[in-house]
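So the structure is just underneath, and the comments pick up after that.
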Amino acid sequence: MANLKEALENLKENIADKIKDASSLEVTTFTGSFNLKVSDVVKNNNNKFDIEKILEQLNAQAMADLQLVAYSMIKMDGDQANIVKNNLTEEDKELLVFHKNMIEASQNSRKAIVDLIKGLI
Amino acid sequence: MGAIDDLILEAQQYEDQEDTRTEELVQHLSDLGYLQAEHAADNPSIQQALYAFESEIRHSSLFTLSQLNKAKQLYEEGWLLQLLRRLVDLDEGLELKSLPEAGRTCLEARMINYRLGLLGLWEHRAIESLGELTTAGLQKLQNYGRFVSRLEAINSLADIQGFTQRMIQVWGGENMISVFYIENHQSSKQHVSLKFRRRFKKDFGSDEKFYNSMLTHVLQAKEKEVDYSYLDAKSKTDLNHFLIRLLQVHQWADGTYSGLLDGDLGEKTMDSLRTMVEIYNEDEDTADVKFKELVAHVGQGFYVMNTRFLLKHYMTEKSSAQRIDTEELFDQLNTAKTDDQEAFMSNMDEVLVDAQQRSEEEIYGGRRGVLKRVYYGVSRVFRQLFAHGKKFFRWVVKGFKKMFGFLRDLFAKVLKVAGNALKMFLKGLLFLVGRKPVVSHQGEGLLLSQIQLGGDSFTLASNLASAKSIIAHSRLVSNTLYSLGFCLEIVEQVIKLLKYLTGVVITWPLFLIQLFKAFKEISEKYKLVQQ
């Protein structure tokens with residue numbers, strides 16, 4: 001049986017550690033052709049899924065032809081830097097709208113985490 | 001991460017099982033007339049019933065559009081079950097703004113007929129609309145509770161304990177001595193104990209006329225002097241049946257009665273009453289009562305019962321436990337002797353293991369397709385748990401064997417009703433450890449997004465994904481993030497458990513209680529459709 005107390009304590013430390021040096025926020029959107037099945041993701045859904053590791057795996061196996069659609073870095077002081085792909089297709093334009101929504105969503109998530117930490121302190 | 005991984009795995013083990021969810025869904029859909037009993041095991045019929053239900057809730061005044069959207073976002077595939085639970089809740093039920101038009105098929109009419117049906121005031125025909133039978137049932141309910149209107153009467157059943165309190169106020173005198181007849185008990189001897197007489201005098205002695213009438217007609221020392229025609233007439237009155245039925249509904253909701261809700265008192269109801277008296281006697285703050293103090297065989301199969309005392313028991317429960325008071329329990333645990341702490345933990349774990357088994361087998365009838373009606377009202381479960389306040393800790397440590405059955409059944413329900421809370425907690429936890437991606441796929445057009453703990457986000461979209469599927473994915477991400485705030489608040493509340501339990505190991509049953517408490521409080525804050 002899991003040691004619940006230890007698990008909750010670990011979780012508390014884990015949250016605090018990861019947020020400690022987060023002075024900026026990064027939002028990245030890629031598109032491209034890649035050979036990734038849904039089952040590769042779904043089977044790992046609750047266990048060891050890690051999007052960065054999947055990307056590494058795709059690159060290593062030369063199975064992917066990925067293109068950056070947009071990248072945004074938002075600093076704590078409000079400064080923002082953006083990189084956006086040229087010659088957007090209709091789908092890319094839709095992805096760009098999605099990317100903008102994700103910036104707001106990421107900021108909200110950051111706030112939720114900060115609130116959680118405040119609550120715990 | 002080892003301990004967190006173990007926590008995730010174990011929490012997943014306690015999550016709601018698909019089979020038991022379907023059983024509950026079928027019960028509610030049948031109760032509200034969307035599904036015929038003979039199609040209970042038939043999947044296409046269940047889907048059709050759900051579709052009909054979903055279509056009716058959209059036209060109903062019982063839920064706002066915002067509530068429906070929030071429910072969909074948060075409970076995902078379980079949202080309709082959540083709404084169904086709310087509709088059949090008798091402790092924190094829904095209230096109608098007005099009565100629906102006669103003959104109109106609607107959710108409001110189904111809810112009215114369901115409530116009346118439970119109390120025996122409506123025959124099960126055409127549950128989907130308001131007909132003459134419903135109107136007659138509503139009229140009876142209005143008369144019984146002396147309500148100003150039928151609407152007030154039906155809304156009073158959103159809080160059945162409040163309704164019971166009103167019934168005691170209105171009929172607290174002679175009608176609260178119920179009379180019933182058990183055919184196969186004709187041969188057994190008359191038995192009216194001295195204790196029954198004393199309690200009868202104590203509870204009803206102030207009404208001299210009724211008291212003397214009972215002495216003359218019923219409480220005779222010799223069986224042959226009892227006025228059986230008086231008893232026969234009284235046992236057949238509508239109000240007598242109604243009050244017995246009300247008692248049965250409480251017993252059923254408490255999980256101590258599994259027989260038919262029929263207003264007749266048979267062996268099952270008697271056994272359930274005995275259990276109730278046992279639980280009552282576990283309370284240190286009240287003087288013990290004997291079963292024979294409340295029920296007496298006056299002769300030839302006729303029994304009299306002190307219904308007022310029994311119904312009052314449910315009112316006491318309500319007033320003593322309006323909220324989920326976990327802090328008191330944790331405090332007791334922290335200050336207890338080490339031996340008692342260990343006994344509490346180990347006994348509670350035993351309860352949970354057995355409860356898990358029970359929730360899958362006995363509560364659901366033990367075999368597929370056979371539906372045993374179960375009351376799922378959440379607040380009732382926790383009210384029961386905390387109604388006994390300080391006794392709960394002592395029960396588990398000392399009186400464990402005696403109370404094991406009661407606790408096991410109670411925790412079988414805790415597991416059931418805490419399912420959504422556990423789901424939300426897991427969602428929050430998986431996000432926090434970076435394992436909650438949002439994945440959409442339409443054909444080859446895979447899209448996946450992940451927001452990291454610090455807020456950084458990453459999206460990978462296949463170039464085969466259409467504009468339509470990108471919009472759908474965007475909606476999915478938005479729903480996930482909406483629920484994330486909710487889930488994180490639950491995690492926060494649960495982590496705070498550490499603050500209360502400083503010197504002891506946290507056990508799963510306590511963890512589940514705290515989890516559910518957090519879920520309930522946060523749901524109220526979010527103004528959700530919840531129990």
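First the proteins, then the strands, lettered A, B, ... as listed; each starts at 1. For clarity, every value in this text was computed on a predicted model and none was experimentally measured.
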Q. Out of B:Ser457, B:Ser474, B:Ala467, which one racks up the most heavy-atom pairs below 4.5 Å with chain A?
A. B:Ser457
**Q.** Residues, nucleotides or ligands: over 12 heavy atoms within 6.0 Å of A:Lys100 NZ
**A.** no
Q: Nearest 0.5 Å please: distance from the CG atom of A:Asp79 over to the OG atom of A:Ser24.
A: 11.0 Å
**Q.** Aromatic ring pairing B:Phe458/A:Phe30, orientation class (parallel under 30°, perpendicular over 60°, tilted between)
**A.** tilted
Q: Heavy-atom distances under 4.5 Å only: say whether A:Asn101 touches chain B with side chain, backbone, both or neither.
A: side chain
Q) Using a distance-only test with no angle check, is there a side-chain donor-acceptor pair under 3.5 angstrom linking B:Thr459 and A:His99? A) no
**Q.** chain A contact via B:Ser466 - which portion, at a heavy-atom distance below 4.5 Å
**A.** backbone
Q | Contact class of B:Leu484 relative to chain A, heavy atoms under 4.5 angstrom | A | side chain
